A.B. asks: 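If you scroll down you'll find the structure; I have some questions about it.
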Amino acid sequence: MQEKEMKYYSLIDKVYSEKNLLKAYHRVNSNRGAPGIDGVTVKSFGEKLLEEIERLSEEVKSGEYMPMPLRRVEIPKGNGETRQLGIPAVRDRVVQQSLKEVLEPIFEERFHPSSYGYRKGRNAWQAVEKAKAFASKYGLCNVVELDLSKCFDTLDHEKIIDSVAERVSDGKILKLIRAMLKSGVMEDGVWKATETGSPQGGVISPLLANIYLDEFDQKMKARGIRIVRYADDILIFSKTQEEAREFLAIAINILEIDMKLKVNRNKTRITTLEEGFHFLGFEIVNINRKCEKTSIGNVEKHQRFL
DNA sequence: TCGGACGCCAC
RNA sequence: GUUGUGGCGUCCGA
Ligand SMILES: Nc1ncnc2c1ncn2[C@H]1C[C@H](O)[C@@H](COP(=O)(O)OP(=O)(O)OP(=O)(O)O)O1
Ligand SMILES: [Mg+2]
């Protein structure tokens, strides 16, 4: 009966409780986001709020709830590429929000201390501070910068379910997540299956990504390798360049073989504190150009103060 | 402490 | 037109 073996069995009732669905709606409302495939705006959903919430609650409770297909929107990504958003209908964002509120506290307590992305009370600046501490205080001045290709889009559906199932036994929850992942997407008026990935635009996608990538965090930790992770942006710290090459090979093996992900080789490189490394829009570089010294300057990319 | 509006940043 | 999570800031309201 150890706490670490605790699993959660009945959670679906919290997801479909009208109280939580109502709170979820208010959260969706505060985002002021655009409608999904059905064209129903947050505002018009809110006009028949109690009726809609009651319907959703019944559907989720009975298991007949089916998420609508995603609406596909392409937005430019800084570097000239495009990002494919998958926008769920408002009603589906409400259900996802409610589900997220239930799942988050369960997984949050076990996440790796050096995981910073998408987590309550954590920000990019703290991640950078941790990175500076690893590189300077612990003398781990050889740094691997690593990024994943199309991170959300490449998450394996079965592995997502399995990683959630490690802590959640409620089959209705797992079935609900599966339905969300398999909702498909409308492209040029034609339904297309979603065979991999969690939608960029889905409410629970960031949480699912963290649950999924926690396997990486824990496997690196088990080998005593220091990392800092912000979503799919990863730093790995080591004492020597040789070790950095070894750790990178280990990381690639975990990510690509065990976890079916793709390391973005263009955004992956081995560097040092003296040369400086890039992370979350910062450049972190040792002013003294000596690994042992602790004074580190970081040049801000953006002038955002005042 | 929480909530609303707007803005910026990371992913 | 553009979604989501998290953070920060300015203003306003209990
Ligand atoms: N504007 C956004 N809306 C929703 N999700 C986002 C947004 N920006 C980033 N994300 C999520 C989804 C991405 O898969 C994940 C990692 O971001 P990022 O590395 O910039 O893109 P990517 O991993 O999808 O493509 P790339 O192959 O270019 O790295 O963060
Ligand atoms: Mg990426």
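A quick note: this is a predicted structure, and the numbers were derived from the prediction, not measured. So you know, we letter chains A, B, ... as the sequences are listed, proteins then strands, and number each from 1.
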A.B. asks: Expressed as a whole number of angstroms, how long is the span from A:D147:CG to B:dA10:P?
C.D. replies: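 Rounded to the whole Å, the gap is 14 Å.
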A.B. asks: For the NZ atom on A:K159, are there more than 12 heavy atoms of other groups (residues, nucleotides or ligands in this structure) within a distance under 6.0 Å?
C.D. replies: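 Check passes, neighbour count above 12.
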A.B. asks: Consider only side-chain N and O atoms of A:D92 and A:Y65, and report whether a donor and an acceptor are under 3.5 Å apart.
C.D. replies: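 Yes.
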A.B. asks: Report yes if at least one side-chain N or O of A:R32 is closer than 4.0 Å to OP1 or OP2 of C:rU2; otherwise report no.
C.D. replies: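 For C:rU2, OP1/OP2 do not have a side-chain N/O of A:R32 under 4.0 Å.
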A.B. asks: Can a side-chain donor-acceptor contact be found between A:Q200 and A:D153 if the only test is distance below 3.5 angstrom?
C.D. replies: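 Yes, a side-chain donor-acceptor pair sits under 3.5 Å.
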A.B. asks: Is A:P35 touching bases, backbone alone, or none of the nucleic acid, heavy atoms closer than 4.0 Å?
C.D. replies: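 Nothing, no nucleic acid heavy atom in range.
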A.B. asks: More 5' along RNA chain C: A:Q200 or A:K100, using each one's nearest nucleotide?
C.D. replies: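 It is A:Q200 whose nearest nucleotide is closer to the 5' end.
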A.B. asks: Could you tell me how far apart A:R229 (CZ) and B:dC11 (C1') are, to the nearest whole angstrom?
C.D. replies: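 Atom-to-atom, A:R229 to B:dC11, this comes out as 11 Å.
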A.B. asks: Using Watson-Crick or G-U wobble geometry with both distances below 3.5 Å, tell me the partner of C:rG1, or none.
C.D. replies: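 None - no nucleotide pairs with C:rG1, as no candidate has both distances under 3.5 Å.
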A.B. asks: When the distance from CG of A:L280 to P of C:rG6 is rounded to whole Å, what number comes out?
C.D. replies: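 Interatomic distance, CG of A:L280 to P of C:rG6: 17 Å.
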A.B. asks: State, without any angle test, whether A:N31 and A:R93 hold a side-chain donor-acceptor pair at a distance under 3.5 Å.
C.D. replies: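 Result is no, nothing qualifies.
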A.B. asks: When all nucleic acid strands are considered with a 4.0 Å heavy-atom cut-off, which category describes A:G121: base, sugar-phosphate, or nothing?
C.D. replies: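 Sugar-phosphate: the residue A:G121, judged by heavy atoms under 4.0 Å, touches backbone atoms but no base.
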A.B. asks: Is A:G33 touching bases, backbone alone, or none of the nucleic acid, heavy atoms closer than 4.0 Å?
C.D. replies: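 Sugar-phosphate, no base atom in range.
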A.B. asks: Contact class for A:L85 vs. all strands (heavy atom < 4.0 Å): base, sugar-phosphate, or nothing?
C.D. replies: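 Base contact.
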A.B. asks: Look at the side chain of A:R27 and decide which nucleotide, out of B:dC11, C:rU3, C:rG6, has an atom nearest to it.
C.D. replies: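 Closest of the options to the side chain of A:R27: C:rG6.
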A.B. asks: If you assign each of A:V203 and A:A124 to its closest nucleotide in RNA chain C, which residue comes earlier from the 5' end?
C.D. replies: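 Its nucleotide being nearer the 5' end, the pick is A:V203.
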A.B. asks: A:P206 has a side chain; which of B:dC11, C:rU5, B:dG4 sits nearest to it?
C.D. replies: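 Among the listed nucleotides, the one closest to the side chain of A:P206 is C:rU5.
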A.B. asks: Touch check for A:R83, heavy atoms < 4.0 angstrom, all strands: base, sugar-phosphate only, or nothing?
C.D. replies: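 The residue A:R83 makes no contact with any strand.
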A.B. asks: A:Q96 side chain N/O closer than 4.0 Å to the phosphate oxygens (OP1, OP2) of C:rU3?
C.D. replies: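 No.
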A.B. asks: Roughly how far apart are A:E158 CD and A:R178 CZ, rounded to 0.5 Å?
C.D. replies: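 Interatomic distance, A:E158 CD to A:R178 CZ, rounded to 0.5 Å: 4.5 Å.
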A.B. asks: Compare side-chain N and O positions of A:N31 against OP1 and OP2 of C:rU2 and report whether any pair is under 4.0 Å apart.
C.D. replies: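 For C:rU2, neither OP1 nor OP2 has a side-chain N or O of A:N31 closer than 4.0 Å.
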A.B. asks: A cation-pi test, strictly: NZ or CZ of A:R122 under 6.0 Å from the centre of the six-membered ring of A:Y116 and no more than 45 degrees from its axis. Yes or no?
C.D. replies: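 Ring-cation test returns yes.
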A.B. asks: So what does A:N210 hit on the nucleic acid, given a heavy-atom distance under 4.0 Å: a base, only sugar-phosphate, or nothing?
C.D. replies: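 The residue A:N210 makes no contact with any strand.
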A.B. asks: Round to the nearest Å and state the distance from A:R91 atom CZ to C:rU3 atom P.
C.D. replies: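 Atom CZ in A:R91 sits about 20 Å away from atom P in C:rU3.
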A.B. asks: Between atom CZ in A:F152 and atom C1' in C:rU5, what is the gap in whole Å?
C.D. replies: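 Rounded to the whole Å, the gap is 7 Å.
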A.B. asks: Please state the P separation for the pair C:rU2 and B:dG4 - nearest whole angstrom.
C.D. replies: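 Those two atoms are separated by 22 Å.
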A.B. asks: Could you tell me the separation between the OH atom of A:Y25 and the P atom of C:rG4, rounded to a whole number of Å?
C.D. replies: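 Rounding to the nearest Å, OH of A:Y25 and P of C:rG4 are 13 Å apart.
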A.B. asks: Any sub-3.5 Å donor-acceptor pair from A:D188's side-chain atoms to A:V190's backbone N or O?
C.D. replies: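 Judged by distance alone, no pair lies under 3.5 Å.
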A.B. asks: Rounding to a whole Å, what distance do you find between A:I204:CD1 and C:rG4:P?
C.D. replies: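 That distance rounds to 14 Å.
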A.B. asks: Expressed as a whole number of Å, how far does the P atom of B:dA5 sit from that of C:rG1?
C.D. replies: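 B:dA5 and C:rG1 have their P atoms separated by 16 Å.
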A.B. asks: Write down the distance between CZ (A:R122) and P (C:rG7), rounded to a whole number of angstrom.
C.D. replies: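 From A:R122 CZ to C:rG7 P: 11 Å.
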A.B. asks: Indicate whether OP1 or OP2 belonging to C:rG4 is found under 4.0 Å from a side-chain N or O atom of A:R93.
C.D. replies: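 Indeed, a polar side-chain atom of A:R93 lies that close.
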A.B. asks: Would you indicate, yes or no, if C:rU2 has its OP1 or OP2 atom less than 4.0 angstrom from a side-chain nitrogen or oxygen of A:K77?
C.D. replies: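 Checking A:K77 against C:rU2: no side-chain N or O falls below 4.0 Å of OP1 or OP2.
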A.B. asks: Mind checking who B:dC6 pairs with, Watson-Crick or G-U wobble, both distances under 3.5 Å?
C.D. replies: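 The answer is C:rG9, by the H-bond criterion.
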A.B. asks: Categorize A:E108 for me: base, sugar-phosphate, or nothing, with a 4.0 angstrom heavy-atom threshold over every strand shown.
C.D. replies: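 Here A:E108 touches no strand at all.
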